[in-house]
Amino acid sequence: MGPPIRARSGDPAEAVLVDLNQPQRAAVTAPDGPLLILAGAGSGKTRVLTHRIAHLVATGRVRPHEVLAVTFTNRAAREMRERLVRLLGGEPPGLWLGTFHAIAVRLLRRDGDAIDVPRDFTIYDEGDRQAALRRALQQVGAEERRVSPAAAAGAVSHAKNEGQTPATYASRARTPFEHLIARAWPVYEQLLAESHALDFDDLLLRAVQLLEEAEPVARRYQDRFQQILVDEYQDTNQSQYRIVRALAARHAHLTVVGDPDQSIYAWRGADLRNILSFEADYPQAQVVALEQNYRSTGRILEAAEAVIHANLARVPKRLWTEAGPGPAVTLAQLYDEREEATAVAHEARRLVDHEGASLGEMAVLYRTNAQSRALEEVLLRQGIPYQLVGGVRFYQRKEVKDCLAYLRLLLNPDDEVAFERVVNVPKRGVGPQSLVDLAQVAERAGSSRMAAIPLAGEGRRRSAAAPARRPIHDTISELRGWAPDWPLPTVLDRVLAVTGLRQMVQDGTPEGDERWSNLLELRGLAEEFGSQGAREALPALLEQVALSGDVDSLQEGRAGLTLITLHQVKGLEFPIVFITGLEEGLLPHSRSRDDPAGLEEERRLLYVGMTRAMQRLYLFHAYRRHLYGSPTLAVPSRFLEPLPPEVRRLSTSLGAAPSVRPSWVEDPARPGALSRPLARDAVHARAVAPGAAVASAARFQAGQRVEHARYGVGTILKSTLTRAGEEAVIQFDAAGTRIFAVDDAVLRLVDS
DNA sequence: TGCGGGTCCAGCGGG
DNA sequence: TGGACCCGCA
């Protein structure tokens, strides 16, 4: 920490200012009006934001319900809420704090009817969006099925984010692809409307519409929110910008925090101009720059700055630190992804064994989720516990989505995507032909396909499959009759039983058990809604599911190496960071290769990754890598070129084909450079996540004999408490040395 | 209609 | 590599 400013004891408003440096303090105490905080990596951004809210409240300048704070991720929202509760000594009543999407949903649920948004709209996630677009594409041109729904979804999403409408898009369409999208988009919109559904972009767009067109509603919120604070402002897209602007129209007591160098979401419509033109938007704006970095040691910061410095479109900025230089940044080339993973495992183990580090302090970063596979295989084989963040998300799993689709149909029988998903799950003999018949019946009746089921097979039209469709209808009508008053878990049990999902999933295979346990996990979530009736709890559950992208990502209560993408790691910090796959085509990713702006974003992505490291940073690239199943020769990333000579000298045959297959090479120029013990200084102490539950004492001690169900009897070499729990290094008599997260492993003390 | 097996082609990131 | 799609057979 910089020179702390001591508080006069007793005054809560002053207490909030303790341990802030001068610029941080200036930002926290800045008077009303527009405020731009340019916060470099590791400069205490979240801290400043939360302390500003606490300060505003503690000094009586606003009451909590007059504050709106917006973040980009659920994780950031959660963290900010926890910190606020600690600072203010309790939950601030009426405070609005959440992601842009969550805030938009809240606005629309309350006041959406002012612009004809159905009160009980369903939220379509990425999968739903693609399914809906698949149908739309089929309807407008069966011969052009080759367009992937994913590409179409991306195009529509992008166009929406740019504020286009189907009409404006159609008038600008040039390529065959664009013409096809121009035709499919209106059909897609109609499908959403019929389904009472909004996709993620609609949530924001409709909120914009509400605030720009429904004047009385807008005025109410403008009056209410006297202080608006926005995190990660560099990542706002046009809709988000307009939401903020509309809400701040009356008071303009707007605080935005961001770092242009950490803008990594242009592909999702983020517009760097929003932050760059803040001062033009609000000419009275004050600007505070936070440039002191409290996270990383000097060499790490130097290397990261060297990388980002190569970007041309950039606001000049220089981070500095009072921390010492720290260990050298290590750059190494490995033979292939397998050896890269082995090097990570090797070094991780060495740091644990010889330098007092723990796995919970380490993260392995990569560009694409696919890269986690090689890492997982090696870590699994070496018995090193790890925690994979992201990957196939819990709510994306087939059995979970199927179950959720039934739950959605309970509330909203018009949900065409949900209907199509489960009408034949489990198999009920309802195939494509039956669905076509049904769609015709539905169109004639002017109803949803779900509602048309009882009508199908009546009249002249012969439909052999009609009787087979009864089960789905009976199932739903029965569930609807029962659902509203029941507790949520009961409804869920009933859904699983009556629909036959349970029977389908539990097929006796290990995979079946896995699927079933996922459904039980969903049931566990349902239990958290307590005794509320399903009528209230079910919409809440579905909304939570739809809006929580990373609910099962990083769990701070578990030990082990963290495996995470460069995108997801933003906002986190680790004492030890490995960045893997620093190769052309991967980072920068091949899709950005010919796009200067894309290249700069890729470079920022690497910068974000490097600045996560507090003590040690490893940069790995391979000589060979399997891409899409086939081996390719990898070229070291161009981003490595500007690294300081000190770093580059450490590399092993960087940029050249190795004549001998290199193995994991430690620093050849400076033997011993990596073997100094990790300094347990102030910087390191920050590894303890604030508020994280840390057990008071380790359960195991060196020398104790324990038995593990799988590896037999062994001796504890050491056991340490980390922010993520207790970690034990055990020398097994027959199975070598392994590292365990004590909470996860079944260990029993044995008498020696 | 369901299912096994072959082919083709994209290929990243996330609320 | 693996998911989506197609085909032919039961």
Side-chain angles (χ1 to χ4, degrees), chain A residues 70-77 98-105 123-131 134 137-138 142 145-151 153-154 157 161 198-204 232 235-237 239-240 263-270 337 365-374 389-393 395-396 398 424-435 463-465 468-469 543-551 553 564-571 581 585-593 598 601-602 604-605 608-609 625-632:
Chain A
V70 196
T71 63
F72 262 78
T73 63
N74 295 303
R75 189 173 60 210
T99 63
F100 269 107
H101 291 85
I103 299 288
V105 168
I123 302 168
Y124 274 6
D125 70 11
E126 197 53 44
D128 300 324
R129 188 212 301 260
Q130 287 183 23
R134 186 175 293 123
L137 286 165
Q138 280 165 1
R145 283 192 304 269
R146 295 273 64 157
V147 171
S148 82
S157 174
N161 283 328
L198 301 182
D199 66 23
F200 279 130
D201 301 314
D202 290 336
L203 295 177
L204 302 178
E232 309 278 16
D235 283 331
T236 47
N237 65 24
S239 313
Q240 290 160 335
S263 163
I264 54 174
Y265 285 107
W267 55 274
R268 202 165 83 183
E337 68 271 6
L365 278 42
Y366 38 82
R367 177 66 173 84
T368 68
N369 274 313
Q371 289 169 257
S372 69
R373 262 190 60 186
V389 179
V392 178
R393 313 260 265 281
Y395 296 124
Q396 313 273 54
K398 183 184 178 302
N424 201 29
V425 177
K427 302 272 185 268
R428 297 190 177 91
V430 186
Q433 191 51 51
S434 303
L435 281 177
S463 178
R469 287 196 295 272
E543 186 171 309
Q544 181 179 331
V545 167
L547 292 178
S548 63
D550 56 2
V551 100
S553 30
I564 189 170
T565 67
L566 284 161
H567 280 92
Q568 290 183 99
V569 82
K570 186 159 82 157
L586 223 41
L587 190 72
H589 193 270
S590 50
R591 277 181 81 160
S592 308
R593 195 170 277 161
E601 175 150 320
E602 296 283 306
R604 290 195 292 270
L605 195 51
V608 166
R625 185 173 297 272
H626 287 84
L627 289 179
Y628 319 120
S630 45
T632 51

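So that the names make sense, note that chain A is the first sequence line, chain B the second, and so on, each numbered from 1.
In this structure, A:Tyr265 forms no aromatic stack with the base of B:dG14, since the conditions of centre separation below 5.5 Å and plane angle below 30° are not both met.
Atom-to-atom, CG of A:Leu587 to C1' of B:dC12 comes out at 11 Å; the value is rounded to the nearest Å. A straight line from OH of A:Tyr366 to P of B:dG13 spans 10 Å, rounded to a whole angstrom. The CG-C1' distance, from A:Leu605 to B:dC12, rounds to 10 Å in whole Å. Per the geometry, NE2 belonging to A:His589 stands 9 Å off P belonging to B:dG11, to the nearest Å. Rounded to whole Å, the distance from CG on A:Leu365 to C1' on B:dC12 is 15 Å. Regarding A:Phe200, its CZ atom lies at a distance of 16 Å from the P atom of B:dG13, rounded to whole Å. Regarding A:Gln130, its CD atom lies at a distance of 14 Å from the P atom of B:dG14, rounded to whole Å. Computed from coordinates, the A:Arg134 CZ to C:dA4 P distance equals 7 Å when rounded to whole Å.
Nucleic acid contact for A:Asp201: base, since at least one base atom lies under 4.0 Å from a heavy atom of the residue. When heavy atoms are screened at a 4.0 angstrom cut-off, A:Phe100 is found touching no nucleic acid atom at all.
Separation of the P atoms belonging to C:dA4 and B:dG13 is 15 Å when rounded to the nearest angstrom.
Close to B:dG14, at under 4.0 Å from its OP1 or OP2, lies a side-chain N or O of A:Gln568. Taking only side-chain nitrogens and oxygens, A:Ser590 never comes nearer than 4.0 Å to OP1 or OP2 of B:dC12. Distances shorter than 4.0 Å separate none of the side-chain N or O atoms of A:Asn74 from OP1 or OP2 on B:dG15. For A:Arg373, a side-chain nitrogen or oxygen approaches OP1 or OP2 of C:dG2 to under 4.0 Å.
Stem analysis of DNA chain B (at least three stacked-register Watson-Crick or G-U pairs, each with both distances under 3.5 Å) gives B:1-10 with C:1-10.
A distance of 12.5 Å separates CG in A:Leu365 from OG in A:Ser372, rounded to the nearest 0.5 Å.
Scanning for side chain to side chain contact (heavy atoms under 4.5 Å, CB included) contacts around A:Glu601 gives A:Ala266, A:Trp267, A:Arg604, with sequence neighbours left out. The salt bridge (charged side-chain N to carboxylate O under 4.0 Å, His left out) search around A:Arg134 returns none, not counting sequence neighbours. Remark: A:Ser157 engages A:Arg129, A:Asn161, A:Asp201 in a side chain to side chain contact (heavy atoms under 4.5 Å, CB included) (not counting sequence neighbours). Listed by chain and residue number, A:Thr71, A:Asn74, A:His101, A:Ala102 satisfy the side chain to side chain contact (heavy atoms under 4.5 Å, CB included) test with A:Thr99 (two or more places apart in sequence, or in another chain). Annotation: side chain to side chain contact (heavy atoms under 4.5 Å, CB included) contacts of A:Ala374 (sequence neighbours excluded): A:Glu337.
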Item to complete: I would like to know whether A:Leu203 and A:Leu547 meet side chain to side chain contact (heavy atoms under 4.5 Å, CB included); could you show each step before the answer?
Response: CA-CA 11 Å; A:Leu203 295 177; A:Leu547 292 178; 4.1 Å; yes

Discussion item. If you apply the rule side chain to side chain contact (heavy atoms under 4.5 Å, CB included), what do you find for A:Phe100 with A:Asn237, and how did you get there?
Written reply: CA-CA 11 Å; A:Phe100 269 107; A:Asn237 65 24; over 6 Å; no

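Position along DNA chain B of the nearest nucleotide to A:Thr565 versus A:Ala150 favours A:Ala150 as the more 5'-ward residue. For the pair A:Ala151 and A:Arg129, nearest-nucleotide mapping onto DNA chain B gives the more 5' position to A:Ala151.
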